[in-house]
There are 2 protein chains.
Amino acid sequence: MLKLTKRAEYGLTALVHLTDHAGDVVSAREISEHYRLPHRLVGEALKDLCRAGHLQSLRGPAGGYRLARSASSLTVGEVIAAIEGAPALPECDAMALVDLGFDSLADCDVESRCPIRSPLHRIQEDIWRQFERTTLEELAAPDFSLIPNRNVAKTTLSASA
Amino acid sequence: MLKLTKRAEYGLTALVHLTDHAGDVVSAREISEHYRLPHRLVGEALKDLCRAGHLQSLRGPAGGYRLARSASSLTVGEVIAAIEGAPALPECDAMALVDLGFDSLADCDVESRCPIRSPLHRIQEDIWRQFERTTLEELAAPDFSLIPNRNVAKTTLSASA
DNA sequence: TCTATTAGCACTAAATTAGTGCTATTTGAT
DNA sequence: ATCAAATAGCACTAATTTAGTGCTAATAGA
């Protein structure tokens with residue numbers, strides 16, 4: 001439940017590696033051997049990232065990948081979106097109600113029929129936002145300090161708990 | 001990817017309903033018919049919640065469930081944990097390294113072998129924290145205002161974006 | 001020409017999830 | 001007493017999703 005797929009995990013692993021070796025061209029094989037991951041799957045993830053424009057690829061021997069953008073502008077959200085596809089917002093709004101057999105919003109009582117209403121939706125949006133505001137540079141940083149939003153959130157949390 | 005199971009969704013739906021009808025005893029059938037959900041599955045979720053002590057059950061005709069605790073003290077995190085089980089932290093620490101064949105932390109170089117390091121771990125922890133700090137009372141509130149932490153987070157986000 | 005790489009699918013196998021079947025127990029109503 | 005309707009607790013099947021591989025083509029350095 002609520003976990004990333006291996007593809008996304010491998011993709012992030014590879015990207016962090018590429019961030020640590022910014023500028024270098026690194027092959028899928030090198031990455032997979034270094035972290036002992038199934039190299040074909042790492043390759044699939046890298047292909048997805050390349051298609052999305054986050055990576056640049058070079059073919060042939062000595063080929064491989066390198067970041068197409070700065071690690072500080074690439075977010076975890078973009079990476080996951082490129083590999084797993086868009087969010088997965090809970091089906092609990094007009095669409096879902098139509099699927100349930102309601103012809104229009106007019107003849108259904110959202111408040112009483114959809115108890116999750118927007119909150120669950122918003123929770124998942126917040127999760128997504130968290131992904132979108134975390135950059136690869138931050139993810140690659142060994143101790144994860146220097147992340148303003150996260151630190152503020154944490155302070156707020158402990159202050160209210 | 002990164003979505004709740006139906007059981008968790010139905011469980012939250014049922015709980016929001018029970019929150020709206022606090023004090024009443026409501027059967028799984030009533031809830032499932034009201035929201036047009038598979039009633040057996042709703043029942044399974046409710047059983048899980050009952051086993052976890054979040055609900056009180058009454059048998060026999062006119063039986064059903066009611067909140068065992070106040071909606072303001074029950075969190076989304078507790079609900080999900082009761083239904084789906086604990087988190088699902090990424091396997092990217094000592095355990096995983098041992099699984100990969102390293103005998104001890106001493107002979108492996110975490111920094112170079114585990115590029116996700118703690119950050120991904122922390123991202124998922126933060127998601128979980130978000131679940132843990134959202135109460136059912138908040139989830140049941142129609143417009144989701146009055147949620148201090150979330151509002152602060154949002155302000156911070158927009159201020160920095 | 002050979003070899004090592006990426007590109008792009010399609011496909012199989014494993015794992016997870018959704019939903020149901022079945023039986024037992026409880027309890028109010030008749 | 002009996003019946004009906006509810007929860008309790010599994011086990012089980014079917015559907016869906018995910019992991020991983022097979023295969024072929026294109027690219028490019030040696």
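Keep in mind the model is a prediction, meaning the values are calculated, not measured. Each chain gets a letter, A, B and so on, in the order its sequence line appears, and its residues count up from 1.
Spacing between atom CG of A:Leu41 and atom P of D:dT18 amounts to 13 Å, rounded to whole angstrom units. Note: CD (B:Glu33) to C1' (D:dA5) measures 12 Å, nearest angstrom. One interatomic measurement links the two molecules: NE2 of B:His39 to P of D:dA6, which rounds to 8 Å at whole-angstrom precision.
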Would B:Thr75 and B:Leu136 satisfy side chain to side chain contact (heavy atoms under 4.5 Å, CB included), going step by step from the backbone distance to the final call? CA-CA 6 Å; B:Thr75 69; B:Leu136 260 161; over 6 Å; no

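Scanning for side-chain contact (heavy atoms from CB on, under 4.5 Å) contacts around A:Ser57 gives A:Cys50, A:Tyr65, with sequence neighbours left out. With sequence neighbours excluded, the residues satisfying side-chain contact (heavy atoms from CB on, under 4.5 Å) with B:Pro38 are B:Tyr10, B:Leu41. Scored by the side-chain contact (heavy atoms from CB on, under 4.5 Å) test, B:Glu30 finds B:Val26, B:Ser27 as partners (sequence neighbours excluded).
Look at B:Arg29 and you won't find any side-chain N or O under 4.0 angstrom from OP1 or OP2 of D:dA5.
Summarising the geometry, atom CD1 belonging to B:Ile80 is positioned 4.5 Å from atom CG belonging to B:Leu4; distances are rounded to the nearest 0.5 Å.
In this structure, a donor-acceptor pair under 3.5 Å is present between the side chains of A:Thr5 and A:Glu84.
Look at B:Arg129 and B:Glu132 and you find no salt bridge, because none of the NZ, NE, NH1 or NH2 atoms lies under 4.0 Å from a carboxylate O. Salt bridge annotation for B:Glu44-B:Lys6: absent, with no cationic side-chain nitrogen under 4.0 angstrom from a carboxylate oxygen.
Between B:Ile83 and B:Leu49 there is a side-chain heavy-atom pair separated by less than 4.5 Å.
Across its full length, the helix from C:dT1-D:dA30 to C:dT30-D:dA1 shows an angle of 0° between the axes of its 5 terminal pairs at either end, rounded to 10 degrees.
Within residues 45-66 of chain A, the residues approaching DNA chain D are A:Arg59, A:Gly60, A:Pro61, by heavy-atom distance under 4.0 Å.
Hydrophobic cluster membership differs between A:Leu15 and A:Val25, with clusters built from Ile, Leu, Val, Met, Phe, Trp and Tyr side chains linked at under 4.5 angstrom.
Contact footprint of chain A on DNA chain C: nucleotides with an atom under 4.0 Å from a non-hydrogen protein atom, first to last in 5' to 3' order, C:dT3 to C:dT17.
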